[in-house]
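Written out below as structure tokens is the structure these notes cover.
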Amino acid sequence: MSDTELDDVDREILHALQEDARGLSSGEIAERTEASSSTVRKRIQRLESEGVLKGYSADIDYQASGYPLRMLLFCTASITERGDLIEDVLDIPGVVSVQELVTGEQNLLVTAVGETDDDITPVAQELLDMDLTVADEVLVRSHETTPFDDFSSE
């Protein structure tokens, strides 16, 4: 975790990147922030090097790409081991994300995608084989995101 202090320019850069990291140039972001294009580029480099900006990823519509099932698996792991298990869980075919939860009995939230139930069932089995308890499974109909509004000056 970073202890970086973010100012209004940093927040506006982060908001713009959340909206469209691929489509916006540093010049277009500069217009939003009223900073120069070179300042925006330097700020982005600093945010990356400090770990605030971890990377850029595609927002894939799994359903449209032929993988209509998105399953949330709420798991319970030993508190001392849950953080160490994340990389292994991410290596399971079909798993697209893992979140470490710090309250409640279920302390790992695993998201898996697949074409059929036969794609998701092995994910649950591998989690069980890792001595995780799968406490609940939830089938997701849709998943939408929006940029974090605290980063916007509007």
Side-chain angles (χ1 to χ4, degrees), residues 1-2 4 6 9-33 37 40-77 81-104 106-130 132-154:
M1 185 181 333
S2 176
T4 301
L6 301 178
V9 173
D10 292 329
R11 285 186 196 81
E12 196 63 42
I13 289 169
L14 292 172
H15 191 266
L17 291 173
Q18 285 179 113
E19 285 183 330
D20 188 6
R22 184 172 181 189
L24 290 173
S25 69
S26 58
E28 291 167 320
I29 296 172
E31 288 177 24
R32 290 182 181 201
T33 62
S37 184
V40 168
R41 285 192 301 275
K42 288 177 187 173
R43 294 283 188 108
I44 289 172
Q45 288 174 345
R46 190 193 87 229
L47 292 166
E48 288 171 343
S49 69
E50 292 177 352
V52 173
L53 186 55
K54 293 173 40 172
Y56 306 85
S57 60
D59 183 13
I60 298 171
D61 182 331
Y62 291 109
Q63 187 165 2
S65 64
Y67 298 92
L69 296 182
R70 180 187 298 246
M71 181 73 70
L72 304 180
L73 300 114
F74 292 86
C75 303
T76 303
E81 295 177 1
R82 70 179 174 208
D84 297 334
L85 293 170
I86 291 174
E87 290 300 319
D88 292 334
V89 173
L90 286 170
D91 286 339
I92 298 172
V95 171
V96 295
S97 75
V98 179
Q99 297 175 48
E100 184 177 3
L101 310 175
V102 293
T103 59
Q106 289 83 44
N107 52 23
L108 288 178
L109 173 57
V110 177
T111 303
V113 297
E115 200 171 353
T116 67
D117 287 340
D118 292 338
D119 297 327
I120 302 295
T121 301
V123 172
Q125 186 57 55
E126 287 202 46
L127 293 170
L128 293 171
D129 292 345
M130 295 173 69
L132 294 170
T133 301
V134 178
D136 199 6
E137 298 176 5
V138 177
L139 187 59
V140 177
R141 173 179 224 130
S142 65
H143 175 85
E144 302 299 328
T145 62
T146 189
F148 181 50
D149 61 353
D150 235 22
F151 290 151
S152 176
S153 62
E154 296 175 7

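Numbers here are sequence positions counted from 1.
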- prompt: Between Thr76 and Thr133, does any side-chain donor sit less than 3.5 Å from a side-chain acceptor?
  reply: no
message: Looking at every non-hydrogen atom in both residues, tell me the closest pair between Arg32 and Glu12 and how far apart they are.
response: O-CG, 4.2 Å
field: Nearest-0.5 Å distance that lies between atom OG in Ser57 and atom CZ in Arg22
entry: 12.5 Å
message: For Ser25, is there any backbone N or O sitting under 3.5 Å from a side-chain donor or acceptor partner on Glu28?
response: yes
query: In Å and rounded to the nearest 0.5 Å, what is the CD to OG1 distance from Glu126 to Thr121?
result: 12.0 Å
query: Backbone N or O of Ala30 within a donor-acceptor pair of the Thr33 side chain at under 3.5 Å?
result: yes
message: Using side-chain heavy atoms (C-beta onward) and a distance below 4.5 Å, is Leu132 in contact with Leu85?
response: yes
message: Working to the nearest 0.5 angstrom, can you tell me the gap between Glu144 CD and Asp61 CG?
response: 8.0 Å
query: Nearest heavy-atom pair of Glu115 and Asp119: which atoms, and what distance?
result: N-OD2, 2.6 Å
task: Look at the side chain of Arg82 and the backbone N and O of Glu100, then say whether any donor-acceptor pair between them is shorter than 3.5 Å.
output: no
task: Starting from the C-alpha separation in whole Å, work towards a yes-or-no answer on side chain to side chain contact (heavy atoms under 4.5 Å, CB included) for Gln106 and Asp136.
output: CA-CA 9 Å; Gln106 289 83 44; Asp136 199 6; 5.8 Å; no
- prompt: Quick one: does Asp10's side chain get under 4.5 Å of Arg46's, heavy atoms only?
  reply: yes
query: In Å and rounded to the nearest 0.5 Å, what is the NE2 to CD1 distance from His143 to Ile60?
result: 12.0 Å
statement: Of all heavy-atom pairs linking Val123 and Pro93, the shortest is CG2-O, 3.4 Å
field: Tyr67 OH: over 12 foreign heavy atoms closer than 6.0 Å
entry: no
- request: For the residue pair Val98 and Leu108, establish whether any side-chain heavy-atom pair is separated by less than 4.5 Å.
  value: yes
task: Check for a donor-acceptor pair, side chain of Asn107 on one end and backbone N or O of Leu101 on the other, with a separation under 3.5 Å.
output: no
query: Under a 4.5 Å cut-off applied to non-hydrogen side-chain atoms, are Leu53 and Ile13 in contact?
result: no
message: Side chains of Val52 and Leu14, heavy atoms from C-beta outward: is any pair under 4.5 Å?
response: yes
field: Over 12 non-hydrogen atoms of neighbours within 6.0 angstrom of CG in Asp59
entry: no
task: Indicate yes or no: at least one non-hydrogen side-chain atom of His15 is less than 4.5 angstrom from one of Phe148.
output: no
- prompt: Taking everything shown except Glu19 itself, do over 12 heavy atoms lie less than 6.0 Å from its CD?
  reply: yes
query: What is the distance from atom CG of Leu47 to atom CZ of Arg11, rounded to the nearest 0.5 Å?
result: 11.0 Å
statement: Residues Val110 and Cys75: closest non-hydrogen pair is CG2-SG, 4.2 Å
Nearest atoms (heavy-atom pairs only) where Gly114 meets Ile120: N-CD1, 3.8 Å
- request: State, to 0.1 Å, how close Leu127 and Val134 come at their nearest heavy-atom pair, and which atoms those are.
  value: CB-CG2, 4.1 Å
field: Minimum side-chain heavy-atom gap Leu109-Leu72 below 4.5 Å
entry: yes
message: Less than 3.5 Å apart, any donor N or O on the side chain of Tyr56 or Glu48 sitting next to an acceptor on the other?
response: yes
- prompt: Heavy-atom distance under 4.5 Å between the side chains of Val89 and Met130, does that happen here?
  reply: yes
message: Between Leu69 and Asp117, does the side chain to side chain contact (heavy atoms under 4.5 Å, CB included) criterion hold? Intermediate values first, please.
response: CA-CA 8 Å; Leu69 296 182; Asp117 287 340; 3.5 Å; yes
query: Measuring from Ile29:CD1 to Ser37:OG, what's the distance to the nearest 0.5 Å?
result: 8.5 Å
task: Evaluate side chain to side chain contact (heavy atoms under 4.5 Å, CB included) for Val9 paired with Arg43, printing each intermediate quantity in order.
output: CA-CA 9 Å; Val9 173; Arg43 294 283 188 108; 3.5 Å; yes
